[in-house]
Novice: 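Have a look at the structure that comes next, please.
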Protein chains: 2
Amino acid sequence: MASETRERIIEACERVIARGGLRGFRMGDVAHEAGVSIGLLSYHFGDRDGLLQAALDHVNESAARRSEQGAAREPADEPRPPGERLADLLCSEFGDEPQVRAGSIAWNELRAAAVFDPDRAAAVTRATADWQSEVRRLIGEAAHHAEPDTAALVLTALVEGLSGRWLTGQTTAHEAQEAVRAALRGLGLLTTSL
Amino acid sequence: MASETRERIIEACERVIARGGLRGFRMGDVAHEAGVSIGLLSYHFGDRDGLLQAALDHVNESAARRSEQGAAREPADEPRPPGERLADLLCSEFGDEPQVRAGSIAWNELRAAAVFDPDRAAAVTRATADWQSEVRRLIGEAAHHAEPDTAALVLTALVEGLSGRWLTGQTTAHEAQEAVRAALRGLGLLTTSL
DNA sequence: CTCAGAACTGAAACTATTTTCAGGATACGG
DNA sequence: CCGTATCCTGAAAATAGTTTCAGTTCTGAG
């Protein structure tokens with residue numbers, strides 16, 4: 001059926017982006033990766049832009065789903081401290097599983113492309129605002145903070161910066177996570193005890 | 001003279017990069033922007049890669065020069081608090097002057113490209129390490145901090161993340177600077193008094 | 001002035017990639 | 001089966017961009 005093939009193509013797009021970024025996003029590579037002909041890409045998605053758009057939308061959705069999942073996964077009978085949940089949410093960006101890494105790379109590319117493309121900037125802004133307000137909410141639960149909005153901005157921007165460090169091999173995923181936790185402690189949102 | 005023309009070409013490169021990123025870096029655009037023929041680019045810089053390399057090196061040098069200037073501008077008789085100098089160094093990335101913005105855009109692009117290009121990753125890593133160790137030094141001067149290395153990582157990564165927010169229009173330069181100062185206060189490196 | 005070498009031009013050749021399209025395969029209701 | 005609508009292919013055309021190069025202009029020393 002066609003929808004399966006579409007799906008396969010979108011997944012191939014994600015792998016191609018993860019391997020070479022938006023710059024290395026070639027329809028020939030996508031077709032080869034998906035095991036279909038190059039003509040089929042146009043058939044399903046119109047042109048290169050349509051294909052890329054579909055792939056990036058999918059990345060967006062996946063990220064949103066993961067974020068919601070994280071919030072829902074909390075068992076009601078064993079309440080984890082909100083500071084810990086905050087740390088989890090923020091650190092979920094880092095991790096050596098291929099899917100996590102591919103997602104981070106795609107986001108990194110999307111953010112970089114958004115500088116020059118208002119449409120993409122709008123999409124990034126919306127998704128980022130959702131994420132940041134979720135962080136803001138957890139800050140409110142974790143502690144009385146004087147400037148919770150600023151703290152949410154600082155934490156989310158920090159994660160984005162650390163993501164770049166990690167993806168370029170300047171830090172490990174673990175170091176990035178430790179840095180996030182250190183920042184949370186600095187803001188009084190995580191107790192020092194391990 | 002040739003060196004003037006070279007300079008003009010490099011400056012044109014910076015404008016082209018600021019306008020369209022590394023992806024939008026076209027030799028035709030550079031030639032048009034510099035008011036020279038396309039053949040001259042090859043004559044002076046060999047090929048596209050050589051041209052791009054020269055342009056990025058120039059961005060690097062400019063940033064380094066600006067940073068040194070900032071450090072040297074401190075008059076010995078009126079010592080500014082190290083926390084303030086730290087804030088200045090970190091906030092110098094944000095600002096609405098075209099040159100500052102162009103420099104930030106170039107860096108943002110370079111960081112994004114470094115994910116897929118080991119050579120660029122090495123260059124970025126080196127420059128980032130220098131900057132971070134300067135921050136680390138100022139932290140040492142500003143206060144006894146339990147984890148100065150982690151603090152330096154957090155602050156520099158934060159600036160990189162905020163830079164992305166600013167360049168995509170998600171925050172203003174001023175908001176980004178305020179966020180940096182808030183983080184510095186949280187880390188006990190800047191007194192609350194204004 | 002004149003010549004050599006450096007700076008410079010722009011069109012043509014080349015390369016890489018996307019888009020189109022004529023047609024082949026496949027699924028499926030009648 | 002048959003017809004047809006959908007899915008799919010891959011080669012050819014179109015497009016976008018870089019590199020080359022034969023030739024022109026400029027510059028300065030002799």
Side-chain angles (χ1 to χ4, degrees), chain A residues 1-59 105-106 109-110 112-113 115-117 119-120, chain B residues 1-59 105-106 109-110 112-113 115-117 119-120:
Chain A
M1 207 210 257
S3 69
E4 281 171 25
T5 307
R6 275 183 69 105
E7 186 116 350
R8 196 144 43 87
I9 291 171
I10 294 283
E11 282 163 14
C13 286
E14 290 179 1
R15 285 195 296 279
V16 170
I17 291 172
R19 197 188 308 139
L22 257 44
R23 155 186 287 285
F25 181 80
R26 273 173 222 115
M27 300 184 75
D29 292 352
V30 172
H32 181 260
E33 182 82 27
V36 301
S37 72
I38 194 165
L40 192 59
L41 305 183
S42 305
Y43 176 75
H44 278 302
F45 300 95
D47 59 7
R48 183 183 186 276
D49 239 41
L51 179 59
L52 188 51
Q53 196 56 55
L56 293 177
D57 286 352
H58 190 258
V59 167
I105 288 180
E109 288 290 299
L110 202 45
V115 175
F116 309 105
D117 180 339
D119 287 352
R120 282 187 189 134
Chain B
M1 207 209 261
S3 67
E4 281 171 24
T5 305
R6 274 183 71 105
E7 186 114 348
R8 196 143 46 87
I9 292 170
I10 295 283
E11 283 163 12
C13 287
E14 291 179 0
R15 284 195 296 278
V16 170
I17 292 172
R19 197 187 309 139
L22 257 44
R23 153 187 289 284
F25 182 78
R26 279 177 214 111
M27 300 185 74
D29 291 352
V30 172
H32 182 260
E33 181 82 26
V36 300
S37 72
I38 195 165
L40 192 60
L41 304 183
S42 306
Y43 177 76
H44 280 302
F45 299 96
D47 59 7
R48 182 182 186 276
D49 240 41
L51 179 59
L52 188 51
Q53 196 56 55
L56 293 177
D57 286 351
H58 190 257
V59 168
I105 287 179
E109 288 289 296
L110 204 44
V115 174
F116 309 104
D117 180 339
D119 288 351
R120 288 200 180 124

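Below, chain A is the first sequence line, B the second, and so on; all start at residue 1.
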Novice: Salt bridge (Lys or Arg N to Asp or Glu O under 4.0 Å): which pairs involve residues 33-55 of chain B, sequence neighbours left out?
Specialist: B:Arg15-B:Glu33, B:Arg19-B:Glu33
Novice: Can you give one letter per nucleotide of nucleotides 17-22 of chain C, 5' to 3': B if a protein heavy atom sits under 4.0 Å from the base, S if only from the sugar-phosphate, - if neither?
Specialist: SSBB--
Novice: B:Thr5 side chain N/O closer than 4.0 Å to the phosphate oxygens (OP1, OP2) of C:dC8?
Specialist: yes
Novice: Quick check on D:dT6: is either OP1 or OP2 less than 4.0 Å from any side-chain nitrogen or oxygen of A:His44?
Specialist: no
Novice: Rounded to the Å, how far apart are B:Leu52 CG and D:dG17 C1'?
Specialist: 15 Å
Novice: Provide, to the nearest angstrom, the distance between the NE2 atom belonging to A:His32 and the P atom belonging to D:dT9.
Specialist: 13 Å
Novice: Without swapping roles, check the side chain of A:Glu109 against the backbone of A:Gly21 for a donor-acceptor pair under 3.5 Å.
Specialist: no
Novice: Side chains of B:Ser37 and B:Leu40: does their closest heavy-atom pair fall under 4.5 Å?
Specialist: yes
Novice: Could you tell me whether the side chain of A:Cys13 reaches within less than 4.5 Å of the side chain of A:Leu52, counting heavy atoms only?
Specialist: no
Novice: Which pair of non-hydrogen atoms, one from B:Ala34 and one from B:Arg8, has the smallest distance, and what is that distance?
Specialist: O-NH1, 2.7 Å
Novice: Please examine the side chains of A:Ile105 and B:Phe116, heavy atoms only from C-beta on, and report whether any two atoms are closer than 4.5 Å.
Specialist: yes
